[in-house]
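Structure record follows, encoded as structure tokens.
Because only heavy atoms are used, hydrogens play no part in the values below, and waters and symmetry mates are left out as well, while side chains stay in. Here the structure is a predicted model, which is why all the values come from computation and not from measurement.
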Amino acid sequence: MPRPFATAVAAFSMTCLAAPGLAQSLLPLPQSIVARSGSVTIANGATVSAAAPAAAAARLLIAHVRTARGLTLESTAGAARIRFEQDAGITGAEAYRLIAARDGIRILASTPAGFVHGAMTLVQVLSPDARVGQPVRVKAMTIDDAPRFGWRGLMIDPARHFLTIADLERIVDQMAAVKLNTLHLHLTDDQGWRFEVKRYPKLTETGAWRTPPSTGGPAPATRVGGFYTQDQLRDLVAYAGERGVTIVPEIDLPGHATALVTAYPELGILGDRPPVGNRWGIEPYLFNPGPQGIAFVKEVLDELIDIFPGTYVHLGGDEALKEQWQRSPVVQAQIKALGLKDEDALQGWMIEQFGQYLQSKGRRLIGWDEILDGGLPASASVMSWRGEAGAVAAANQGHDVVLSPGTPLYLDRVQSTLDSEVPGQNVVSSLADVYAYDPMPAGIPAERAHHVLGAQGNVWSEYLVTPAAVQFHIFPRAAALAEITWSAKDKRDLNGFLPRVQRQTARWTRGGMTVADSAFAVGFTVPGTRGDALRANRVPLTLATQAGYGTIRYTTDGSTPSSTSRAYKAPLSLTPGVVVQATAFDAAGQPTAAVRRFDTARAALLTRGNNDLAPCGTGPFGLRVPLVPDVTDTAPAFNLNLFNTCAVYPAAPLDIAGGYTVEVVRLARNWALGHDIPKLRRHYPVSPHGELLVQFGCAAATKAQDAGDTTAKPVAIGGFPLPDPTTAPQRLTFTGTLPKMTGDQDICFQFTSPLDEPYYAVASVTLTERR
């Protein structure tokens with residue numbers, strides 16, 4: 001049987017001393033490792049045998065070792081070097097034991113999932129370094145392991161941007177590699193219905209396709225979208241099941257229902273047929289909670305649970321603006337007839353109907369934490385995304401919960417402030433942020449702790465158009481998510497985690513995943529202002545990585561840094577014109593990230609790209625968006641505040657710069673802002689399509705106006721009328737002159753375009769030196 005946890009703690013401490021190389025290759029950390037004497041070597045041709053329940057795990061082991069280490073293992077029915085053996089004494093649905101000895105390696109478990117987890121640990125044991133294709137000497141040891149939480153999940157959102165079944169399978173494969181066991185599929189939303197329902201074919205014939213939003217000019221005519229047939233989803237369920245991954249399907253209701261209403265207007269409130277949504281945010285369309293609507297959902301659930309055998313079905317419940325229900329005499333009559341207080345209570349009543357129905361089918365309903373707002377039905381579980389309050393309230397009422405707070409577990413957020421970040425929410429949720437999170441909220445007492453099922457990272461795809469962009473956001477933060485949900489809290493240590501992330505990143509990369517290097521990449525900072533550097537004709541430069549891992553090495557002669565290049569020890573002082581290239585290297589001399597560069601030329605110091613600009617006023621640049629909402633490239637990406645189309649060039653040296661060139665891009669204004677519409681800052685345009693205003697002091701003026709001071713005004717430097725977006729190119733360039741002043745001054749670029757026309761953003765600003 002697995003060793004008691006107190007013994008496991010002591011065993012792990014001993015292992016860290018006895019086998020430091022092994023400790024740097026396993027992720028997540030196992031409960032217990034005991035080092036033994038001796039070793040066994042695994043090379044090409046090593047044989048693998050498996051008891052019947054471990055057949056899938058043995059196949060996975062062979063496939064992953066071939067990819068991660070470049071070794072070919074051979075399956076055999078006879079005596080083998082690696083053996084999977086069933087052992088009823090290994091208790092726990094996902095527990096396993098791995099024993100390495102002189103005569104071979106054994107993986108023991110009592111369940112298929114346990115065998116899979118043991119196989120994935122052995123993959124890591126057999127790929128401890130970068131020597132691909134070489135035999136591996138494994139020190140003798142015993143690993144006893146089982147997870148801390150049963151729900152270790154990722155949510156993928158193919159409703160906004162469609163992913164193929166093959167794309168999902170690749171993610172499942174690499175989830176299994178770090179023992180994540182739950183894939184939550186967000187299958188319906190305003191922008192698309194992805195689940196084939198035989199009784200209601202228009203849901204996918206019509207509701208699975210939308211037209212892209214316009215950035216100006218003729219409206220795009222090519223439809224985008226797609227859907228999964230029931231047979232495809234059955235195959236995905238089987239594929240995931242062999243890898244120890246359960247799929248939780250989500251049908252979102254009563255809000256996020258535009259695609260549903262497009263397909264079947266009679267299931268909406270107004271009877272109209274809107275186009276399938278192509279805006280991001282919160283649309284007003286709601287599902288009809290009357291008898292016909294309730295019957296429809298039950299019929300959809302019948303088909304859904306026939307395909308997905310897992311315990312839980314997710315029914316959304318989030319962001320349902322209630323205006324359509326409030327304005328419907330029929331819905332208001334239903335609320336009165338049911339004796340309910342209001343629309344939130346109606347949503348609670350509806351969730352109760354579906355919860356009871358699922359319970360009658362042997363399933364359980366789970367929803368986002370808004371389902372608490374109308375009174376939580378006894379049959380429901382809660383996924384808490386608006387912080388931890390929903391989880392605490394639900395658990396203390398006796399309901400099971402999954403922790404998925406936006407901070408830090410929304411993995412569609414960017415991972416750093418580097419300009420290499422792909423589109424997403426422009427709020428940093430770093431690798432260290434995810435690793436520091438603990439899924440057991442302090443507000444849940446010990447006697448209620450069993451209601452915490454685990455945690456989940458969510459990857460919403462409004463701005464993630466391609467499979468590569470989705471992968472970039474998942475990996476390597478999936479490693480942190482895996483460890484905080486599998487390993488004991490008191491075993492976690494960021495400094496010990498980082499080298500293990502590097503090893504797992506190598507495996508993921510060899511497996512074809514796009515893995516972000518944000519935490520390990522070198523960033524450059526010019527202390528003081530760039531104007532100070534230009535006046536002194538000397539550029540101070542600091543180099544740092546977000547994680548602080550490895551040794552930064554750099555060059556200034558144009559060569560690519562290597563493990564023998566000069567080590568960075570203190571801030572540099574450079575003559576303008578030098579290009580610095582840098583990356584960090586680990587203890588084995590392997591680079592931890594792609595090389596980054598910084599140009600200290602005077603012209604480069606006077607240029608600010610979009611990522612170097614600051615927002616005006618008090619609001620942040622909350623989004624990072626692509627040039628076109630459905631573009632298949634991840635670059636360029638633009639930071640913006642969708643409530644105020646304004647950006648600041650900070651600390652412009654006006655005693656040095658005499659002119660400017662600003663490059664502008666026109667973006668789709670495809671945001672459904674719901675109750676946030678009043679936050680939009682309207683500017684009075686004095687030409688048909690508005691202007692680009694170049695100003696001093698608009699950031700301070702915006703802050704003052706936000707505080708209620710309407711007398712605060714910026715100082716104009718220049719202004720340019722914006723052209724008709726239906727005929728103008730998407731990229732525009734404007735040039736102007738600057739007044740001579742002393743010192744540094746912020747320059748603001750404010751757009752006054754009408755709110756019913758496309759959005760503008762500053763792509764770059766280049767200042768030119770006075771002659």
Side-chain angles (χ1 to χ4, degrees), residues 28 48 50-64 67 75 84 86 90 92-96 107-123 145-147 149-156 158 163-187 194-196 228-251 301-314 358 361-364 366 402 453-454 456-457 474 478 481-482 485-486 511:
V48 180
R59 291 193 296 270
L60 287 175
L61 174 71
I62 291 170
H64 278 253
T67 300
S75 180
F84 289 82
Q86 191 163 20
I90 307 296
E94 298 182 274
Y96 70 92
I107 296 174
L108 292 77
S110 59
T111 66
F115 283 121
V116 168
H117 298 324
M120 294 300 96
T121 294
L122 183 53
V123 170
D145 204 8
F149 293 105
W151 189 303
R152 306 180 304 282
L154 273 177
M155 189 223 70
I156 305 297
L163 294 171
T164 68
I165 291 291
D167 296 328
L168 295 175
E169 286 177 344
R170 282 189 282 270
I171 291 171
V172 165
D173 218 36
Q174 301 308 325
M175 287 173 61
V178 291
K179 304 179 178 62
L180 294 174
N181 71 345
T182 304
L183 176 63
H184 171 177
L185 281 184
H186 185 75
L187 290 169
R194 307 301 181 207
F195 169 63
E196 178 191 33
Y228 307 118
T229 68
Q230 293 191 3
D231 287 342
Q232 287 176 320
L233 289 171
R234 284 192 180 92
D235 289 344
L236 179 63
V237 166
Y239 186 92
E242 283 197 347
R243 287 151 180 80
V245 175
T246 298
I247 298 180
V248 174
E250 179 185 355
I251 303 297
L301 291 177
D302 286 341
E303 297 194 31
L304 194 77
I305 63 180
D306 184 56
I307 295 165
F308 297 96
T311 300
Y312 289 92
V313 174
H314 203 297
L358 286 170
K361 304 287 184 176
R363 305 300 177 86
R364 294 183 63 185
I366 190 168
V402 174
L453 302 178
Q456 175 174 291
I474 294 173
L481 181 65
T485 52
W486 180 280

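The minimum heavy-atom distance between Leu154 and Met175, with the atom names listed, is CD1-CG, 3.7 Å. Considering every non-hydrogen atom in both Leu163 and Pro158, the closest pair reads N-CB, 4.0 Å. Minimum heavy-atom separation, Gly114 to Ala109: C-CB, 3.7 Å. The minimum heavy-atom distance linking Pro249 with Leu304 is given by the pair CG-CD2, 3.7 Å. Closest heavy-atom contact between Met120 and Ala176: CG-O, 3.2 Å. Closest approach of Tyr312 to Leu453, counting heavy atoms only: OH-CD1, 3.3 Å.
Side chains of Thr121 and Lys179: a donor-acceptor N/O pair is present below 3.5 angstrom, by distance only.
Evaluation of the ring pair (Phe, Tyr, Trp, His ring centres under 6.0 Å) rule for Tyr228 yields Phe162 as partners, not counting sequence neighbours. Residues meeting the ring pair (Phe, Tyr, Trp, His ring centres under 6.0 Å) test with Phe195, sequence neighbours left out: none.
Looking at heavy atoms from C-beta onward, Leu168 lies in side-chain contact with Leu185 at the 4.5 angstrom threshold. Side chains of Tyr239 and Asp173 form a contact here, defined as non-hydrogen atoms less than 4.5 Å apart.
In this structure, Thr164 OG1 and Gln232 CD are separated by 9.0 Å, a value rounded to the nearest 0.5 Å. One distance of note links CD of Glu250 with CZ of Arg194; it measures 13.5 Å at 0.5 Å rounding. Atom CZ in Phe149 sits 13.0 Å away from atom OG1 in Thr182 (nearest 0.5 Å). Distance check: Ile156 CD1 to Leu187 CG gives 11.5 Å after rounding to the nearest 0.5 Å. Atom CD1 in Ile107 sits 14.0 Å away from atom CD in Gln86 (nearest 0.5 Å). Taking CG from Leu358 and CD1 from Ile366, the interatomic distance works out to 12.0 Å, rounded to the nearest 0.5 Å.
Using a distance-only test at 3.5 Å, with no hydrogens or angles considered, a donor-acceptor pair links the side chain of Gln230 to the main chain of Glu196.
The salt bridge (Lys or Arg N to Asp or Glu O under 4.0 Å) test with Asp306 is passed by exactly one of Arg234, Lys361, Arg363: Arg234. Between Phe308 and the choices Val248, Leu236, Thr246, Val237, the side chain to side chain contact (heavy atoms under 4.5 Å, CB included) rule is met once, by Val237.
Under the 30°/60° scheme for interplanar angles, the aromatic rings of His117 and Trp486 are found to stand perpendicular.
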side-chain contact (heavy atoms from CB on, under 4.5 Å) evaluation trace for Thr485 with Asn181: CA-CA 10 Å; Thr485 52; Asn181 71 345; over 6 Å; no

Tell me which donor-acceptor pairs under 3.5 Å the side chains of residues 51-62 have, and how far apart each pair is, sequence neighbours excluded?
from, atom 1, to, atom 2, distance (Å)
Arg59, NH2, Glu242, OE2, 3.1

